[in-house]
Amino acid sequence: MKETLRSMILAAVDAAFQKGLLATAALPEFDIEEPRSREHGDFATNVALVSASVQKMAPRKIAQAVVGQISDPSGLLLKAEIAGPGFINFFIRPEVWLSVLKDIHDLAERFGACDIGRGRRVQVEFVSANPTGPLHVGHGRGAAVGDSVANILSLCGWQVEREYYVNDAGNQIMTLGRSVLLRLRELEGQSIEFPADCYQGDYIREIARRLRESHGEELAGMDGGQAIEFCARVAAESILEGIRDDLHSFGVCFDRWFSEKSLVDAGDVDAALQSLQEADAVYESDGALWFASSRFGDEKDRVVVRGSGDKTYFASDIAYHKNKFDRGFDRVIDVWGADHHGYVPRVKAAIQALGKSPEALDVILVQLVALLREGQPVSMSTRSGEFVTLRDVIDEVGADAARFIFLSRHYDSPLDFDLELAKKQSNENPVYYVQYVHARIASILRKAEDDNMVSGYTGTPELERLREPEETEIVKTLARYPEVVLSAARFLEPHRVTFYLLDLAAAFHSYYAKHRVLVEDVGLAAARLYMVCAVKQVMRNGLALLGVSAPESM
RNA sequence: GCGCCUGUAGCUCAGCUGGAUAGAGCAACGGACUUCUAAUCCGUAGGCCAGGGGUUCGAAUCCCUUCAGGCGCGCCA
C-alpha cells in the first residue's frame, strides 16, 4: 500500500514539474508514515516539507502542486488533503483495507512472511550458560529473546540455526569437579572447609550424593587429579541434562549444542591463533601472547595465551567465531547478558583480523532481570546458592506468562519480573489479555458450528458489509502486521511483535464488547466470522513468533 | 578516572531511526454483564519527555554538556 502511494507521489511530482508547477524534478528522500492521529488520514507524507529548500517554494504551495497532479486509477483514495505546515494526508477508501482479510485466509500461517533473508544462513547463538549450575531467570530472558529473534528471522526468509555454546573446557569446569569432589568427601564423613570460590548450591551436594552411589568405589581408586576430572565430567553432563530439560519445558529447542572442548580437542584454537599470527595481529610481551585488538577498534590489546602457557577464554572464543563463519553462515547473532558488553569490541576485532566483516556479527545485549515478589526484591545471590531458577519460574508462573513478560520490553531495558504479578490471571497481566482474544474467537467458532448458524451460507462473504468503525480499525490493524514483523526482523526486536499483539487485542476486545458476530443476518454474520477468523490467525501467528501458545479456551 | 546503556504520567513501559495536539497498561475515580467467556469494555483525571545549550522549516528522537542510576574496564569465565 505504502509502495503504491510512493509511486503515485513520484508520478505526481514529475507531472507537476512537466507542467511547470515545480522548479525542479529533483526530489530529496521523503517519508510516508502512518500518522498517530486519525484526523491526519491513513498515511501522510512530508514530500513538500523536505522539498522546500530545493524547490525554493513554500511547503504548502508545493503540496498543492503535487496533490493537484495525483492520479489514482485504481481508486485507492477517498481524498488527499494538505494540512499543517505542508503535510499531505491520504485517506484510503475503507473497502480497500478489506483485501487484507483474503490475504490472511489465503496465506494463513505464512501471513506476515517476507523474503528479506533471501535464503541466507544465519546462526543465532543464545543462552550458552556454563554447565556449572542451573539456569536462572536472566538466562530465561536471553532464551526468550534469542528464540523469538530466530523465529522472526526464519519467517523473513532467513535460514536459521539455533546454537548453544557449551563452555565445557575452562577452569570453571575444574572448579565444578573440585566442588563435587569436596562435597563427596564430606558425605564420606571427612570434615572439610568448603572454599568460597567453589560452587555453593545444593545441587552440588545432590550430584555428589548420586555420584557416590553410582561410582563411589571407582572414585576411591583414583588419584586427586583424576577424581576431579571425573567428577567434573559427570557433573557437567548432569547439569547440562538439566539445562536441556529446562529449556525444553520453556519451549526452546536448539539445532546444535556446540562443545568448547570439541573445539580445543580438534586443534581449532591453535589454528585460529595461527591465523591471527599469519595476519600479523599477535605479538609476545611479558611472556604472554597478545592479540593486537586495539588495531581493530578495541580499547586495548588482549592476552590470548597466558604466561603459564594456558590459553584464555577469549582464545577459544576467537576460534569459536572463526568456526561459525567457516561453517558458512552469512550472518551470526550472539545473545549475551548486558554485563558482557565490554566484550563486543574485542570479538569484532578478532573477526576483522581474521578477514571477515565485523558487520556480519550482531550482538544483542540483554539487560538483567530483577526478580521480585509482590514488589519486594528476591535475593539472587549465587554464592549463598539460594537463587530462584528458571525451573522454579516455569513451575510457578508457567512458560507462556514468563516468555510473554520477557518479551514485553525492549531487551535494552532492565526488567522487573514480579512472580506474583506473573501468576495473576487478571488485567494486570497482559499475557491473558492477548491469549483471551484467541480463546474468545475459538469460542465464537464453536458456537457458530453448534448452532449451524452460518453453515447454510455458501456464498463469498460480503466483506463490504464490514462498515463499523471498530471493524475498520481491526482490519487496518491486521494490515499492519507484515510491517511489524519486518521491522522486528530488521532491528532484531521481538518486543515490537508483543506490542502489536496488545494493540490487536485491544481492537478486538473493543469490537467484541460492542458488536455481536453471530447476528441473525446470515450474510453479515458470515462476513464478521471471516474477519474474526483472520484476527485469530494473526494472533496465532504473532504468538508463535514469541513462542507463546494460542489456547482454544481459557 | 575511562567506556557502554538508561532517564518519558504516581508505577511499569511504547514512541515506527527527525514530523503535526507525546501514547498504552497498571494504580485512582465514575459507569457497563438476561447475549458469542466480564481474564472484557466505556469514560474521567494525570506530562518542563532528568536539567541546560546547540543543529533546522520542525527535536522525546541527532550533537555537546551537567546531574542521577545500572553495567563493564583481569595473563577470570
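Below, chains carry the letters A, B, ... as their sequence lines are ordered, and counting in each starts from 1. Since the structure is predicted, the reported quantities are computational estimates derived from the model, not experimental observations.
Under 3.5 Å, the side chains of A:Q172 and A:Y313 contain no donor-acceptor pair of N or O atoms.
For A:N89 against B:rA20, a side-chain N or O and a base N or O form a donor-acceptor pair under 3.5 Å. In the interface, the side chain of A:H340 is not paired with the base of B:rG72 through any donor and acceptor atom under 3.5 Å apart.
Looking at the side chain of A:L518, the nearest of the listed nucleotides B:rA77, B:rC75, B:rC36 is B:rC36. Of the candidate nucleotides B:rA20, B:rC75, B:rC76, B:rC75 has the atom lying nearest to any side-chain atom of A:V303. Checking B:rG3, B:rG74, B:rC36 against the side-chain heavy atoms of A:K300 singles out B:rG74 as nearest. If you check B:rG3, B:rC76, B:rC5 against the side chain of A:D412, the one that comes closest is B:rC5. The side chain of A:A44 lies closest to B:rA20, out of B:rA20, B:rC75, B:rA77.
Across all strands shown, B:rU61 remains unpaired; no Watson-Crick or G-U wobble contact has both distances below 3.5 Å. In a base pair of the Watson-Crick type (N1 to N3 plus N6-O4 or O6-N4) or a G-U wobble (N1-O2 and O6-N3), with each distance short of 3.5 Å, B:rA28 is matched with B:rU44.
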- Produce a footprint string for nucleotides 13-19 of chain B: one letter per nucleotide, 5' end first; B if the base is under 4.0 Å from any protein heavy atom, S if only the sugar-phosphate is, - if neither. SSSBB-B
- Annotated protein contacts, base or backbone, on nucleotides 38-45 of chain B with a non-hydrogen cut-off under 4.0 Å, one of B, S, - each: SBSSS---
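Classified by interplanar angle (parallel below 30°, tilted 30° to 60°, perpendicular above 60°), the ring pair A:F314/A:Y343 is perpendicular. A:Y165 and A:Y320 have parallel rings, their planes meeting at less than 30° on a 0 to 90° scale where 60° marks the start of perpendicular.
By the 4.5 Å heavy-atom criterion applied to side chains, A:K311 and A:S316 are not counted as neighbours. Residues A:L22 and A:M57 are in side-chain contact: their nearest non-hydrogen atoms beyond the backbone lie under 4.5 Å apart.
Between the CE atom in A:M539 and the OH atom in A:Y481 there is a gap of 10.0 Å [rounded to 0.5 Å].
Heavy-atom distances to RNA chain B give each of A:T312 and A:F43 a nearest nucleotide, and the one nearer the 5′ end belongs to A:F43.
The shortest distance between the side-chain N/O atoms of A:R306 and the OP1/OP2 oxygens of B:rC76 is below 4.0 Å.
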